[in-house]
Each structure stands twice: as C-alpha cells, then as structure tokens.
Novice: 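Below is the structure I would like to discuss, written out as structure tokens.
Chain naming here is simple, since letters A, B, ... match the order of the sequence lines and numbering starts at 1 in each.
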Number of protein chains: 2
Amino acid sequence: MARREAARLLRRLGPLAVESPTRGMPHSQHESTNRIVNSCRRFHWIPSLQRPLCGPTTSGGIYEGQSSANKACEVQKRTFGSAATHIQRNPAYSELNSDDVSYFKSVLGENGVVQDEDRVAVANVDWMGKYRGASQLLLLPKNTTEVSKILSYCNTRRLAVVPQGGNTGLVGGSVPVYDEVIVGLAGMDKIISFDNVNGILTSEAGCVLENLSKLVENEGFIMPLDLGAKGSCHIGGNISTNAGGLRFIRYGSLHGSVLGLEVVLADGTILDMLTTLRKDNTGYDLKHLFIGSEGSLGVVTKISVLTPAKLPSTNVAFLSCNDYKSCQKLLLAARRSLGEILSAFEFMDHHCIDLAMRHVEGVHNPLPASPYKFYVLIETTGSDESYDKTKLEAFLLRSMEDGLGISEASVKVGAVYKYDLSIPVEKLYDIVEEMRCRLGDSAEVLGYGHLGDGNLHLNIVSSKYDDNTLGRIEPFVYEWTSAQRGSISAEHGLGLMKAEKIHYSKSPEAVQLMASIKKLLDPNSILNPYKVLPQSVL
Amino acid sequence: MARREAARLLRRLGPLAVESPTRGMPHSQHESTNRIVNSCRRFHWIPSLQRPLCGPTTSGGIYEGQSSANKACEVQKRTFGSAATHIQRNPAYSELNSDDVSYFKSVLGENGVVQDEDRVAVANVDWMGKYRGASQLLLLPKNTTEVSKILSYCNTRRLAVVPQGGNTGLVGGSVPVYDEVIVGLAGMDKIISFDNVNGILTSEAGCVLENLSKLVENEGFIMPLDLGAKGSCHIGGNISTNAGGLRFIRYGSLHGSVLGLEVVLADGTILDMLTTLRKDNTGYDLKHLFIGSEGSLGVVTKISVLTPAKLPSTNVAFLSCNDYKSCQKLLLAARRSLGEILSAFEFMDHHCIDLAMRHVEGVHNPLPASPYKFYVLIETTGSDESYDKTKLEAFLLRSMEDGLGISEASVKVGAVYKYDLSIPVEKLYDIVEEMRCRLGDSAEVLGYGHLGDGNLHLNIVSSKYDDNTLGRIEPFVYEWTSAQRGSISAEHGLGLMKAEKIHYSKSPEAVQLMASIKKLLDPNSILNPYKVLPQSVL
C-alpha cells in the first residue's frame, strides 16, 4: 500500500528533515511530504541557517570595491550556480556619520539603533552565507511612524537602505551589498486583528510566519502559504518576495490572498491600503506593486491576508512513471479525478534517488528494483478523511489500470548549481535532458519540482565549482528558458543574484516600465539598491 | 426538503430569468441560483440590454458642454442612485478631422473605420441607456499592431480614446463622455491556445466570455469567473474592470487567476507580459496595474488565464434566519463544515421577498407563513455528487439542530437607487437598518448580496427619483461605508459614475500615487478620460 510505504519512508528521512528551519516543530504530513522533495535543497544550507556564517565563505572570490566603505564588502563571486556580477558602489549615496546616528537615536531610542559589531555582522550576511554586506548600522523601528521617519531622513540624506525581514531569502535580496543602513522589521510583530468569520488576518509585517500559522490554526484556518523557513521568515518578507511555497497549487499566489497592505514609501509617505475587504474595485490596485518587488518600491509595514479554512484530512501517495509523458498524463488525470482536494503534485527523476542513495546515509529506495525513471508524489487535502482516502485510492487504482505505473519512492540529493525555473509543463523536462547532453560525464543533472505549478528545480552536481562547467551551464540555461517563455525565477525573486538577468524573462518594454515606476516611487533610489532591476536601466 | 423546494422555485422564476443577458442559453443550476439573487438587479435593465436606447433617457437631465463637439453630449444627470457630476470637456484634446479618418482607414481598411451614424450611436451608449457620449468614430482593429498604430497616432494628435469591449459595464466606463474615439475590441476574438493539462487559456481580448466558457468546458475546465452578462462581455473588459461575478468566493479575484497580459500603452508601446506560467518572480508584476484600471492605463489586447477543473456536482439549499447575527453564524459554520466545496453564500432580507411578491407576477414565497427575517442561499460544487449531497445535508441538519432555522425562500425585487458595497461582514447589515431609519416611509430599503464575499447590494426603492430622497442617501452611504473602511465599489469599478467618489475608499496618498502612475503611463491623458480618477488630481 502506497501510504504505508510512504509513512515508512518519511520516518526513515526523519533525521534529515529536522535539519530544516522548522527544527523541533511538530510536522504535519504536508510538511513531511515537502521535506522529501525539498530535502536536496535544504541539506547543504542547513549548517548556516540558524547562525549565519560571518567569516569568509569557502567557495567565493572577494570583490574589491572603490569606496572606503568597501573594505569589508565581500560579495561572493561564484554562488550556487550563478556568477555574481561586479557591482560598483553608487557614489551618489552618502556615507553614514555620527549626526545620522544621533538622529536615529532621537527617533528610535538607544535600543532601536544597533551598532554592536556582532549584531550588525549577523544582519550583514544572508542565512546561507552567500552574500555579505558591510553595513555599520541596524535600525529596529517599533511602528510605522518610526519607519516613516527613518526613510524620510534617509531619502533627504541620500542614505541607502535595505529592509530586512527574517533574512531567509535565496537570492541575496535582504542583506546590504555595501554600507546600506539595515532596517529590520523584527520589532513590528503585533497581531492587529483576526476575523474568525471570514478568516482575515491583519498584522504588522515583522510577524514570523509560523506564529501567524499557529494563531489562525487555533481558530480553524490556515495561512495560504507555508515555507520551510517559516520559523524565521516574516510575513512582510513573504509578501515583498511573493513567496511561493507548499500551498501554491491549492491556494495560488499572494496576489490572490493578500487583501491589504500598509507601505512606507522612500520619502516617508505612509501609504494606507490596509483594507480587509475581499472585493474592492475603486481605482488602481496599488498593493500589487509591492507584492514581489523585494522592498525596492517601499517597506511593507502592515498586512491583511485571507486565510482559508483548515481541512483536517491529508493523504499522500508515491507513484512512478516510465517516462516524462506519463507524468504529464498523471497530472491531467489527477486534476480531473481529485479536483478540489489536490494539494500537491511533485515530481523527480531517478537520478535524484540514485544520488541520494549514494550520498545520504540511511536513505534507501523503497522500491529497489524499480525500473521506472520518474517518481511522482501526490497529496490531497480535504475536509473528510475517510472520503478523501477513498477518492485518492480510487484514483490510484484507475491510474494503475491505465498503465501509468504505481510504486513508491523519494529522494535526497546534494546540489551545487541550482536553478529555479518556470517552464510550460510539456517542455519542462527537456532542459534536464539537454543539460545532460551538454555536460556529459562532467556533472550529474537532476530534475525535480512542483510539476503541478510548472516549476522545475534543476540541480547540477559536480565534484567542484569551475568556470568551465559554469560556462557550459550559463547563459545557456537562461537562454533556453527564455526561448520557452519561461521564468528564470519561479518563486525566489531576483535579488542581487539575478538582477542583471531580468531580460531573460521580461521584455525590454516591461523592464523599462519597471524602471520608470522605480524612479517614480524612489527617485533617489535609496531602497534596496543594486537589486531586482539591472543598474543599466536606473 | 430544501432542494426540492428550491428546484420548484427555480422553475417558478423561469419566466423572469430569461430576461437576462443569457437569454436562450441553457442555464446551469449555478446560474439559476444566481438568477434568483440577482434578478432584482436585472429586472429593470433588461429592455435596454439587447438594443441600447438611443433616444434621450427618461429620467436624466442634459448636460450642456462647451465645445462644438458637445451638441449631442448628454450625460444623464441623475442615474441609478448617484448624481452624475458636471464634467467639462478637456480642451487639451483635439477634435477629429478628415485627415485623422484617412489615416485610420490606411491602417484598418474601410471596414475597420465605422462612421455610420446608427452603428456609432449604439457604441455611444451603455447597455442600460444611462450614459451616452457623442463620438463620431468607431474603430475596429483586428490585431495588436493595429491597436498600437491607433494609440500612437491618437497620442501624437491628442485625440482622446475610449476602449470598448462588450459594453456591459454598470458605471459608464465603456462609452465616451464627449467625442472620444471608440476603439472596439470585438474584432480581436481569436483563441490563441488552450493547454488542457494545466488549464491555461490564451486568447485575444475581444473574446466573449461565454464562448471561452464553452471552449474550456469542452476540455473539462471552467472559466474562473461567470457573469450574468457573459453572453456579451469580453474577457478583456472583464480583466480591465476586475469583474467579480458568481465564482468569486470559490476562485477569488482575477488578480489571482490572470497569468499574463498583452497591453498597448497610450503611446502605442506594446507591453508583452503574456506569460502562461503559474509562477514568475522576475521583477515587478506589472500586469496587476492593468487589472481593474478600466482601460485608463492601457488597452488589454491578449490575455492568459488559469482555468480551474470543472466539477460535476452542484447542490443548492435555501435557509432562513431570525436575525443577521444568525446569518453570520451560518456563514462561519458553512466555511467550517463545507470547506472546499462551498461555492456560494448569498443572503437577502425579507423586504426583498415582500417586494418581489408585490411586484413580480407568478412569484410566491415558498414559505408563505415564514416568520423569518433573513434568507440565505448556500451552494456547493464538488467532484462527487452523492458525496457532496450527503455533506450538504449533514451540514443543514447540524445547522437546524443549532437553532439557526431552516426553510426555503427566494425573491425578486425592483430596484432604483443601487449601491454595490464591500463592508466587513459583522457590520454589513447595519447600513441597511440605518438607511431605513433615515428614509422612514418615503422609500423601501432592501439588503442582499454575496455574504461570503462581504459584498452588500443595497437597493433603495421609492415611487420616483427625487433630489430630496437622493440627498438623504448620498453622501451618507459613502461616508458610512468609508467610516467602516469599506469599498464604495465592490465589483463594478468607478467608471464615470464614481470617479469623483474615490476618496471615500482610498487615502489621499493612494489617490495621488494612482494619479502619478496615470501620468507616467498616459502623459497626455488620452485613455478613457473623465473616469476612474477625479479630475482634480490629474
């Protein structure tokens, strides 16, 4: 029986899974499911998560900047699968002086102005230890007015600012590149209200996602998104990066779930769009500008979000398929037969399992003699357990009869060059095969991801980082994705890592309009500089 | 049994229902359900739907403009519940001349340039006959390039333009106010693709919603929205107005369903954002600017939209409650017990039924001796009929046991002063009661709407239009809604009718930013002038 095997596999994978940001938390089956699929992504990053590395990273070169502020500025030259570009510090920005610090103390008090080297160092580096800035100042506002005063002052003084939530991003969007002032939102973690008739949560932006999840779950609702990093990430950061996460296939993007925002603009203007209404067609829906703009258009200070009702029944099945075409057929069949209860449809190829078997102690293929090449994980979530089980089993039976093949599997792999791509489902696996041809024996190419969302995680594993391998991967992977009208960042954003790559996914006209909007909202470009948009258009 | 009674009632209401834009169409139960709730809205408007009135309307004053182009410009002074403001023709706009017409003919051919008085007259008036412009020219582009050439030319020449889809809007957004050139999208009605694995539809903007619905239903999917006007409205217009409609509670707003857009900007720039990806976090998500901006920022020419799987099982129940508090409790219980299959939760007060009984021949209260004051309609949609029925019945039984009261009802009323408001559910009915106190015997006040969405339709029926009654309704209704942080337009947009009222729902900072974005995207303000935003901020 698929479910029993799955449960056994989940138990077997337990020791790996606790190395995630959710360590020590009770895991729902949904999370466990995702742990398997995403364990490859987490495995190598975990050591630096709880306590970011502050020393030099092991694999990166050091970028030498021009300003005196650059001494400590180390931007890792080669990251997980992407060469970082050499970015100059923008000389239009002022450098911090003691008058600035005095002003901030007058607004925030002593406790809100952090100059302690150790504390500032932690805020200077991302959780993977990949990106590191050289800020000398961390500000911790307690309310929107304080954020407004900070930004108004920085705008006048031309001090660059990086807003920082839980600092769990993957593309270097939440840490300084040079000496930007860090504005941390952790002190703004108040719940404003929860409407338990309509499931509408209103809170400050610095609330940790997991705390919000617990709150609404006690009332019979769930947050519309769930992430591995939920124990650290902030809801404001989730919204600023338009985080995807585990519940995307079921509840869609935050553009559909977020009802209202309060945002502070670069000049300190407080933009109150904090409606809690499901429907509001009065004028342009400005909040969408701030969802996914990675803090470069404004700082999100309050949010209201629609939370779906909590459904008690979750079931999981693992299946295997002979070829990618069968995975596609299975997806179609699952959509038809499972309808509204389908909550995850993930896939991986057998290379993932093979690599996991070789490298991860205690992991065994639950179907060792499997002749299959692809593995699919299907999850359903509904309100009636016995019924949902019956439905899932009936679907699995039909799928078997249709010759799609049924068995169980899961996997864990190490990963090096990592790409997070959106590609039309019918072509999604082609890039994996093309990449294998290009790289031959020099690297192992793995494909897995959220098939239900058209989201491929492409991992290329080789013995060491080298320019030769990288040159065979990039820019090919971006060009190929672009030719399929895909996205070079399905759910992680552009941040620092991919700001200069935006043209692979967006037309010149669109990038130009983004730049115009950036200039309109932040004419001095103080907000989260060097990120999201290419320097050439600003 | 609730369902049998409901079915009988639906049959009884049949003759009324066919007076809708969906006349002659086979009605699903979902539509039938909605017909009852919305029949009040449709009843008085139907005669003018299929053939818009071209003569002067009966209840309106005539606005005297200043330009020579104004002779035929009649803006109805008093509309359904809102006094139209006196708007001056903007003298910055050029007037159409024969060179312009020659140019358009060179681009579109003779057939694409309509000067025939009768045909232009139809395009000058909205489907209710409430708003009427004086355009002399209707252009019918066949592709995006032609739209681009039209706008580029008009922008250079300072000719104002009104984009027009199916012209089924309710707020005067799709017809000229003065002599704007009408750009009709009806000729752009090609299906580009349908991905029947992922349910992703890509088409031109001029496709009629109903045609798209049929297309995707044949493939086992449904459009994420459904409207009474679906036989006429265009998908491009739906998106430009962020149409709500019947499926909102289940599938949410178009901001969540629309995957990509192609838009032509005021200067003719073609903005290609026509992705078909579910996930894409590369830069600002610009398409949201055009969803709900009512054609004032650009003309939508192509769309891609995510369509949910079609679910075969629909069940409906009518219930009654003693008070509004019980309706709220019922909503909470329905969300909990019915979970993912809940697809509609509508309510109405007994005044609606009473009025319908008095005015609509053949309509009887299915529960004539009912002592209840409120009626609730619950619909579920799922993938398994027998199971869903069981679930709905179990829920109804529990609700009865909880003392919320169960019976059947439905209603049809005439309506005069109409308001479409979003209000937090717990206060939603207060405005109905307050309005009754204000108006006393001079008018009958009815409350109904999509309780599940927090959307109240407030209808105030009196023997005739008069300034005294209007003065007691407005601006009170807007001020009250504003004080609750509600929306003065839940699903209809602002258009011409409420452009000057935007400040009741949006902060000055937000309106100012909207104006800045309008100026950025349309510096000569040629697109859909006099609408959406107040003239004072442009």
Side-chain angles (χ1 to χ4, degrees), chain A residues 197-198 220 242 244 252-253 255-256 269 271-273 275-286 288-289 292-293 309 311 328 331-332 335-336 339-340 382-383 387 422 424-425 453-455 485-494 502 505-507 509-510 513-514 516-517 520 532-533, chain B residues 197-198 220 242 244 252-253 255-256 269 271-273 275-286 288-289 292-293 309 311 328 331-332 335-336 339-340 382-383 387 422 424-425 453-455 485-494 502 505-507 509-510 513-514 516-517 520 532-533:
Chain A
V197 173
N198 299 291
N242 190 28
S253 95
H255 286 284
T269 297
L271 199 59
D272 177 2
M273 308 169 288
T275 172
T276 55
L277 308 167
R278 286 208 65 179
K279 288 171 151 179
D280 176 23
N281 275 353
T282 54
Y284 311 152
D285 202 345
L286 297 172
H288 296 286
L289 275 177
S293 58
L311 303 174
Q328 281 183 262
L331 174 59
L332 182 61
R335 283 225 169 89
R336 292 283 158 76
E340 72 282 6
S383 53
Y387 169 69
S422 271
V425 171
D453 303 327
N455 185 181
R485 299 188 69 98
S487 170
I488 62 161
S489 180
E491 55 181 6
H492 296 162
L494 294 170
I502 192 172
S505 284
K506 292 289 157 73
S507 69
E509 295 81 8
L513 180 53
M514 291 179 204
S516 300
I517 287 171
L520 177 69
V532 190
L533 296 177
Chain B
V197 173
N198 300 291
N242 191 28
S253 96
H255 286 283
T269 298
L271 198 59
D272 178 0
M273 308 168 289
T275 174
T276 55
L277 308 168
R278 287 208 64 180
K279 287 171 153 179
D280 176 22
N281 274 353
T282 54
Y284 311 152
D285 203 344
L286 297 173
H288 296 286
L289 275 176
S293 59
L311 303 174
Q328 281 183 263
L331 174 59
L332 182 62
R335 284 225 168 89
R336 292 283 159 77
E340 72 282 6
S383 54
Y387 168 69
S422 272
V425 171
D453 303 326
N455 185 180
R485 298 188 69 99
S487 170
I488 61 160
S489 180
E491 56 181 6
H492 296 163
L494 295 170
I502 192 171
S505 285
K506 292 290 157 73
S507 69
E509 294 82 9
L513 181 52
M514 291 180 204
S516 299
I517 288 171
L520 177 70
V532 189
L533 297 177

Novice: Measure distances from A/V532 to the heavy atoms of chain B and classify the residue's part below 4.5 Å as side chain, backbone, both or neither.
Specialist: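 Side chain only.
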Novice: Shorter than 4.5 Å, heavy atoms on both sides: which option in A/V425, A/D280, A/L332 has the most such pairs with chain B?
Specialist: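 Top option by heavy-atom pairs under 4.5 Å: A/D280.
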Novice: My understanding is that only residues two or more places apart in sequence, or in another chain, count here; which of them pass salt bridge (charged side-chain N to carboxylate O under 4.0 Å, His left out) with B/D453?
Specialist: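 With sequence neighbours excluded, B/D453 shows a salt bridge (charged side-chain N to carboxylate O under 4.0 Å, His left out) to A/R278, A/K279, given in chain and number order.
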Novice: Check whether B/S253 gets within reach of chain A through its side chain, its backbone, both or neither, counting any heavy atom under 4.5 Å.
Specialist: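 Neither part.
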Novice: Can you say whether B/L533 sits under 4.5 Å from chain A via the side chain, the backbone, both, or neither, judging by heavy atoms?
Specialist: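 The side chain, not the backbone.
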Novice: Relative to chain A, which of B/S505, B/S422, B/G256 shows the most heavy atom pairs under 4.5 Å?
Specialist: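 That would be B/S422.
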Novice: Going from NE2 on A/H492 to OG1 on B/T282, what distance comes out if it is rounded to the nearest 0.5 angstrom?
Specialist: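 The OG1 atom of B/T282 is 13.5 Å from NE2 of A/H492, to the nearest 0.5 Å.
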Novice: Can you tell me how far the OG atom of B/S293 sits from the CG atom of B/L494, to the nearest 0.5 Å?
Specialist: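 One finds 11.5 Å between OG of B/S293 and CG of B/L494.
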Novice: Can you tell me how far NZ of A/K506 sits from CG of B/D285, rounded to the nearest 0.5 angstrom?
Specialist: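 Answer rounded to 0.5 Å: 6.0 Å.
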Novice: Which one wins on heavy-atom pair count under 4.5 Å against chain A: B/L331, B/I517, B/L513, B/L289?
Specialist: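 So the answer, after comparing B/L331, B/I517, B/L513, B/L289, is B/L513.
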Novice: Quick check on B/N242 against chain A: is it the side chain, the backbone, both or neither that has a heavy atom closer than 4.5 Å?
Specialist: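 Its backbone and side chain both get close to chain A.
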Novice: With a 4.5 angstrom heavy-atom cut-off, could you sort out which part of A/N455 is near chain B: side chain, backbone, both or neither?
Specialist: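 Side chain only.
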Novice: Would you sort out whether B/H255 and A/H255 count as a ring-ring contact (aromatic ring centres under 6.0 Å, His included), showing the intermediate values?
Specialist: CA-CA 6 Å; B/H255 286 283; A/H255 286 284; 7.8 Å; no
Novice: If you tally heavy-atom pairs under 4.5 Å against chain B, which of A/D272, A/T276, A/N281, A/N198 wins?
Specialist: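 The residue among A/D272, A/T276, A/N281, A/N198 with the greatest pair count is A/N281.
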Novice: For A/S516, is it the side chain, the backbone, both, or neither that has a heavy atom closer than 4.5 Å to a heavy atom of chain B?
Specialist: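 Both the backbone and the side chain of A/S516 come within 4.5 Å of chain B.
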Novice: Between A/A309 and chain B, which part of the residue has a heavy atom less than 4.5 Å away: side chain, backbone, both or neither?
Specialist: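 When you check distances to chain B, only side chain atoms of A/A309 fall under 4.5 Å.
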Novice: Pick whichever of B/G283, B/G252, B/G292 has the most heavy-atom pairs under 4.5 Å with chain A.
Specialist: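 The candidate making the most pairs under 4.5 Å is B/G283.
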Novice: Under 4.5 Å from any heavy atom of chain B, what part of A/L277 do you find: side chain, backbone, both or neither?
Specialist: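 Answer is side chain: those atoms of A/L277 sit under 4.5 Å from chain B.
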Novice: Counting only heavy atoms closer than 4.5 Å, note whether A/I502 contacts chain B via side chain, backbone, both or neither.
Specialist: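 When you check distances to chain B, only side chain atoms of A/I502 fall under 4.5 Å.
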